[in-house]
Amino acid sequence: MLLFEAVYARYGNGAHTLSNVCLEIPRGQFCVLLGTSGAGKSTLLRTVNGLVMPSGGRVSIEGEQLGRRTLPRIRRRVSMIHQSFNLVPRLSVEDNILSGALAVQPFWRVMLGVSPQPLRAKAASLALRMGLDAGQFARRAANLSGGQQQRVGIARAFLLDPDIVLADEPVASLDPRTSEQTLALLREAARERAVTVLCSLHQIDLAREFADRVVGLRSGKVVYDGPPSDLDEAAVEHIYGEVQER
Amino acid sequence: MNKAQDNSAPAQAASAPSPCPWPLKPVISRTSILWMALALLLLGWTGWNVEMPAMLRLSAEGLADAAGIREQSQVGSGFRGMVEKLFPPAISVRTPLERLPGLDRDNLPAFSYIDSKKESFDVRINYDTLEQHISVHREEELIEPYGYLLFVVRKMWESLEIGIWGTLLAVMLSAPLAFFSARNYSPHWAVYAAARSTVAFCRTIPELVSALFFVLAYGFGPMAGVLALGFHCTGFLGKFYAEDIENAERGPQEALFALGAGRLRVLRVAVLPQVLPQYIAYTLYILDRNIRMATIIGIVGAGGIGQELKGRWDLFHYSHVCTIMIVLFITIILLDMASARIRRNIIR
């Protein structure tokens, strides 16, 4: 269970990006965060793996509170999928997926770039699961299309069988069809392994289609929390604010 | 005529200068003219200090001399004298047999032969009888027709080796220094400052100067050359490597930090593959430059062909100097071609 208890976070200038966020996300849930740019979606995701340290409140995973001391251990159980994929362009797809295990491999293996056979096999089967073939597996990440790159990003996130996957606008730079495929792959992979997914999105229709639960953020506050079936026009307007005509 | 005017009228209206909504900054202002005048004054002053007018006068005289307009010129006679002394280049080595006591006459070195044509007459007068004794002295010499050329090529090879090992030393020293002097990887600001200043210090001291010190400490020979080149180029490679680490794309690094990986691991997996082509380019450039510098650095006694060059120059053996310069020239041309080809093939 992922638990946010009265979490606050602020920018360098002191303005709050999150204020009093309280959420309880049970294991295996696909939870989508909605909200305008700057509403605090990314910040909320980043408090889970310590890329942003909350200025108040506590974040805990299965009862273990996130802090400087527990951070290294927690980061191995929480993985992240990024909007701009954040793959290493000149490395092969295989090496990019294997980099998901960077923190737990022996140091010499990392330095020599030699991964054990079972791990390579696992990376290959994950790539296959994500719909990549052997040819793409050996290619440089830079030579893949955006959709394929994000599949690699998902495979990397799942390599170490995490408890939680954070997805920061994973389909923001993909076309609608590819977005749908990518999110479907993400949801299936998460369901198979009972992985909690916390995913920020901009597309309301995608949220309705894939989410088990939708959390709406506005100016750092939770303004909507419920199943996607309850996400009607009024709720959307409440999350995004009224459309102002100029 | 009239029609044409009619046509041009609206076009003119369209392209008529529109009134400027705000005052524009002038391209040439009073201050820029002032700065330009100052720069010219400074150039004039410094040019006078480094004797540029005299250089121009001497060069003009030299050109006039070359064209046959003038009888003589300082530059012309200087160059003519030099060329006369330089050519022909020395290729062979003649060694008197007396200086080769262990030589086996039946088993001479390859391509060499013994020349005994050179005779010297020794006239002695017996002061008691006043008789003249003429003794014919036959001096034999071992001639190695390509001996000096081979020797120079061997020395050139030594310079190449000095250049290669100087570069290796620089790479090995600058890799850790780059890690500590990259702002986003250095563990502490004090370490960062120390690494940065070490790199800058290495860059500041010219290798000819550091080679002098290394010759004092390690003696004449290639060791001093390798050390001097290594330390000087650490100053360059350390800076270049560190800057590339700092400028590497942050996204992949952040992704791997988020997975709990430490700095060195992230550096290896997310930074090194990205900067490697540039690193290879820098290192090849430094190798190229080090091989050229290794030929010069011997002048202060740090081994290689430069040491031979300096020795021959000091002994006024200009024909030997000429051979050395030809070998140097050919080597550097070949090196240029090789490094251009390597760069094309490796860096994609």
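Everything numeric here is computed off the predicted structure, so don't read it as measured data. To find a chain, count down the sequence lines: A is the first, B the second, and so on, and within it residues start at 1.
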Any side-chain heavy atom of B:Leu227 sitting closer than 4.5 Å to one from B:Phe213?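 Side-chain contact under 4.5 Å: no.
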Is the shortest distance from a Lys or Arg side-chain nitrogen in [X] or [Y] to a carboxylate oxygen in the other one below 4.0 Å?
X	Y	result
A:Arg77	A:Glu62	no
B:Glu249	A:Arg90	no
B:Glu207	B:Arg289	yes

Is it true that B:Trp165 and B:Glu161 share a donor-acceptor pair across their side chains at a distance under 3.5 Å?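 Looking only at side-chain atoms, B:Trp165 and B:Glu161 do not form any donor-acceptor pair under 3.5 Å.
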Between B:Leu276 and chain A, with a heavy-atom cut-off of 4.5 Å, which part of the residue counts as in contact: side chain, backbone, both or neither?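 No part of it gets close to chain A.
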What part of B:Gln253 lies closer than 4.5 angstrom to a heavy atom of chain A: side chain, backbone, both or neither?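 Contact with chain A is absent: no heavy atom of B:Gln253 under 4.5 Å.
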Aromatic ring proximity B:Phe214/B:Phe231, centre distance under 6.0 Å: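 Yes, ring centres under 6.0 Å apart.
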Flag the one option from B:Leu256, B:Val266, B:Leu272, B:Leu267 with the top tally of heavy-atom pairs under 4.5 Å to chain A.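 Among B:Leu256, B:Val266, B:Leu272, B:Leu267, the one with the most close pairs to chain A is B:Leu256.
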Is chain B contacted by the side chain of [X], its backbone, both, or neither, given a heavy-atom distance below 4.5 Å?
X	answer
A:Phe85	neither
A:Ser99	both
A:Leu51	side chain

Which residues in residues 156-171 of chain A have any heavy atom closer than 4.5 Å to a heavy atom of chain B?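 Expected list: A:Arg156.
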So, for B:Arg263 and B:Tyr185, which heavy atoms are closest and what is the spacing to 0.1 Å?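 It is NH1-O, 2.8 Å.
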Check for a donor-acceptor pair, side chain of B:Ser186 on one end and backbone N or O of B:Tyr192 on the other, with a separation under 3.5 Å.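 Judged by distance alone, yes, a pair lies under 3.5 Å.
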Are the side chain of B:Asn247 and the backbone N or O of B:Glu243 linked by a donor-acceptor pair below 3.5 Å?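 Checking the backbone N and O of B:Glu243 against the side chain of B:Asn247, a donor-acceptor pair under 3.5 Å is found.
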